[in-house]
Every structure is written in structure tokens, then in C-alpha cells.
Amino acid sequence: MSTSKIEMREPPLPADLQSVMDELDKTDREASKFVSDLTEDDLNWQPDRGTAWSVAQCLDHLARINTVYTAALRAAARSDKAKSVLRHGPIHPGWFGRWFISAMEPPPRRKLRAPKKALPAAHKSGADVLKAFVAAHDEIRSLIKESCKMDLNHVRFTNPFVRIFHFTVGTGLLIIGAHDRRHLWQARQVCKALEAERSSR
């Protein structure tokens with residue numbers, strides 16, 4: 001007698017956390033499209049006479065900053081305090097968190113200086129930058145699954161880049177999404193500038 005394997009499915013995530021996961025999937029697809037559609041030279045072409053970031057640098061910056069940021073979120077989520085308070089509602093940033101998220105959204109209203117540990121490499125291959133980009137997002141996915149039953153509005157973490165800011169873990173997840181959108185928007189502007197440069201030749 002043959003026995004069929006029972007597929008073990010993970011329970012569905014709350015809607016707010018699933019929305020974060022969906023956004024990660026969307027940005028992974030966009031990053032993949034950049035890499036598949038552009039040559040290595042195009043990926044590393046820098047507008048404004050080489051003074052602005054290339055598409056590859058935008059993706060590399062996101063991979064670097066997300067890796068560091070997620071490590072800080074995970075450390076907070078694994079604290080005894082985090083484990084002691086169960087989830088009882090969706091992510092709800094406070095007024096300052098909402099302002100900070102809004103400030104990250106594209107198009108940028110002011111230019112922000114990237115932290116030294118998140119500065120991109122001068123040149124990156126498409127395969128390498130995409131691998132790092134998706135790997136950083138996979139860490140976020142893992143964190144969400146690990147902490148989905150916790151009250152992410154209750155536990156605060158120390159921002160690894162601006163230590164005077166102490167957002168909640170839930171707000172931190174939304175900040176990552178807004179920051180991703182900011183630099184993917186920037187990458188799209190680089191592609192437009194590249195097309196304009198070619199048209200003017």
C-alpha cells in the first residue's frame with residue numbers, strides 16, 4: 001500500500017505582515033528585471049557625469065543597509081521582552097515613525113547621506129548584486145515568520161545608523177519598504193537618464 005505525503009503548509013500571516021512580504025516579492029522582481037534587461041555596462045553606468053549612483057549601486061546600497069538593519073530588528077525581536085508580549089493588532093507606527101516613513105518615500109524631497117557601512121561598491125556584476133539584494137530580503141522574510149506572533153508595536157530597537165532613534169520593530173519593517181521604494185525609484189531615473197544620453201548622441 002502506498003502512502004501519500006502530507007504537505008505541511010505554514011499558517012497564513014496577518015494581513016499587515018503579508019503586505020510587507022508581498023512588497024519584498026515585488027521589489028525582488030523589479031531588481032531582477034533591472035539585471036536581466038541591462039548589460040553590465042548599463043548596470044554600472046553613473047549619470048551626472050559619473051557623480052550619481054548607478055543602478056547596480058542603488059541595489060548594492062539596499063542589500064548592505066537592509067542586512068545591517070534587519071540584524072538590529074532580529075536582535076530586538078529575540079529579546080525576552082519581545083517574547084513575553086503576544087500580538088494583538090496590526091503594525092501601527094507612532095507619529096514620528098509615520099513621518100520618518102513618509103520622508104523615505106520617493107520621490108526624495110531631500111538628499112540623505114548614506115552611512116559609511118552602507119556605501120555601495122564602485123562596480124558590481126548583475127549576478128552578484130542581485131544575489132545580495134534577494135539574500136537581504138530573505139533575512140527579512142525569515143524575521144517576519146519568526147516574529148509574526150509577537151506584538152511588533154511593543155518592542156523597540158536601536159537604529160544601527162542613527163542611534164538616537166528608537167522605533168518599534170513593526171515600524172522598522174515599514175521603513176525598510178519605504179527605503180527600498182526610494183532607491184528603486186532612483187534606479188528607474190538612472191535608466192531614463194541612460195536612454196536620454198543615448199538619444200542625444
Side-chain angles (χ1 to χ4, degrees), residues 12-28 31 53 57-121 132-187:
L13 291 169
D16 58 321
L17 296 181
Q18 185 60 55
S19 177
V20 176
M21 294 284 249
D22 292 345
E23 183 76 12
L24 294 173
D25 292 343
K26 179 182 176 182
T27 52
D28 279 354
W53 282 356
Q57 286 177 312
C58 290
L59 298 181
D60 187 36
H61 167 68
L62 288 174
R64 292 170 186 263
I65 205 164
N66 286 345
T67 297
V68 176
Y69 213 81
T70 305
L73 293 177
R74 191 184 296 277
R78 286 182 173 175
S79 68
D80 291 339
K81 181 179 180 180
K83 296 174 183 176
S84 67
V85 184
L86 296 180
R87 174 186 171 91
H88 57 79
I91 295 172
H92 182 70
W95 71 268
F96 184 65
R98 293 194 299 272
W99 174 85
F100 195 86
I101 292 166
S102 176
M104 287 291 105
E105 293 284 3
R109 292 181 288 278
R110 56 175 296 197
K111 189 173 182 180
L112 303 175
R113 180 171 294 183
K116 287 185 178 180
K117 63 179 77 173
L119 287 173
F133 183 87
V134 173
H137 277 180
D138 282 344
E139 287 298 311
I140 302 169
R141 293 182 178 97
S142 173
L143 169 63
I144 290 171
K145 291 176 182 178
E146 178 183 330
S147 60
C148 65
K149 294 182 180 179
M150 300 176 187
D151 184 356
L152 300 181
N153 295 315
H154 183 76
V155 182
R156 294 184 176 274
F157 74 102
T158 301
N159 188 309
F161 301 107
V162 187
R163 294 191 173 275
I164 60 171
F165 294 163
H166 295 265
F167 296 116
T168 65
V169 172
T171 298
L173 292 173
L174 299 184
I175 289 171
I176 287 174
H179 187 246
D180 276 359
R181 291 190 291 273
R182 180 188 187 95
H183 287 288
L184 288 172
W185 178 90
Q186 181 183 0

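Quick caveat: nothing in here was measured; it's all calculated off a predicted structure. FYI, the numbering just counts along the sequence from 1.
- Ion pairing between a basic and an acidic side chain is recognised when a charged N comes within 4.0 Å of a carboxylate O; Lys81 and Asp151 show no such pairing.
- Note: His179 and His61 meet the aromatic proximity criterion, with ring centroids under 6.0 Å apart.
- Between His166 and Asn159, the closest side-chain pair of non-hydrogen atoms is not below 4.5 Å.
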Between Val20 and Asp16, is a side chain to side chain contact (heavy atoms under 4.5 Å, CB included) present by the stated rule, with each step listed?
CA-CA 7 Å; Val20 176; Asp16 58 321; over 6 Å; no
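- Side-chain contact between Ile91 and Thr168 is absent, with no heavy-atom pair separated by less than 4.5 Å.
- In this structure the side chain of Thr171 never reaches within 4.5 angstrom of the side chain of Asn153, judged on heavy atoms.
- Side chains of Met104 and His183 form no contact here, defined as non-hydrogen atoms less than 4.5 Å apart.
- Two residues are said to be in side-chain contact when any heavy atoms from C-beta on lie closer than 4.5 Å; Lys26 and Asp22 fail this criterion.
- Taken to the nearest 0.5 Å, the CZ atom of Arg64 stands 12.5 Å off from the CG atom of Asn66.
- Among residues two or more places apart in sequence or in another chain, the side chain to side chain donor-acceptor pair (under 3.5 Å) test is passed with Arg182 by none.
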Side chain to side chain contact (heavy atoms under 4.5 Å, CB included) for Val155 and Val85? Distances and angles first, verdict last.
CA-CA 9 Å; Val155 182; Val85 184; 5.9 Å; no
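- The backbone N or O of Leu24 sits less than 3.5 Å from a side-chain atom of Thr27, completing a donor-acceptor pair.
- Of the possible donor and acceptor atoms, one in the side chain of Ser79 sits under 3.5 Å from a partner among the backbone N and O of Ala82.
- To the nearest 0.5 angstrom, Leu152 atom CG is 8.0 Å from Leu143 atom CG.
- A donor-acceptor pair under 3.5 Å is absent between the side-chain atoms of Ser19 and the main chain of Ala15, judged by distance alone.
- For the pair Pro93/Phe167, no side-chain contact is recorded, criterion being any heavy-atom separation below 4.5 Å from C-beta on.
- Side chains of Leu73 and Ile140 form no contact here, defined as non-hydrogen atoms less than 4.5 Å apart.
- Going from atom CZ of Arg113 over to atom CG of Leu119 covers 9.5 Å, rounded to the nearest 0.5 Å.
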Using side chain to side chain contact (heavy atoms under 4.5 Å, CB included), reason through Trp185 and Glu105 one step at a time and then give a plain yes or no.
CA-CA 9 Å; Trp185 178 90; Glu105 293 284 3; over 6 Å; no
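- For Arg74 (side chain) and Glu139 (main-chain N/O), a donor-acceptor pair under 3.5 Å exists by modelled atom type.
- A salt bridge is absent between Lys83 and Asp80; no separation between the charged side-chain nitrogens and carboxylate oxygens falls under 4.0 Å.
- Counting heavy atoms from C-beta outward, His137 and Asp180 have side chains that approach closer than 4.5 Å.
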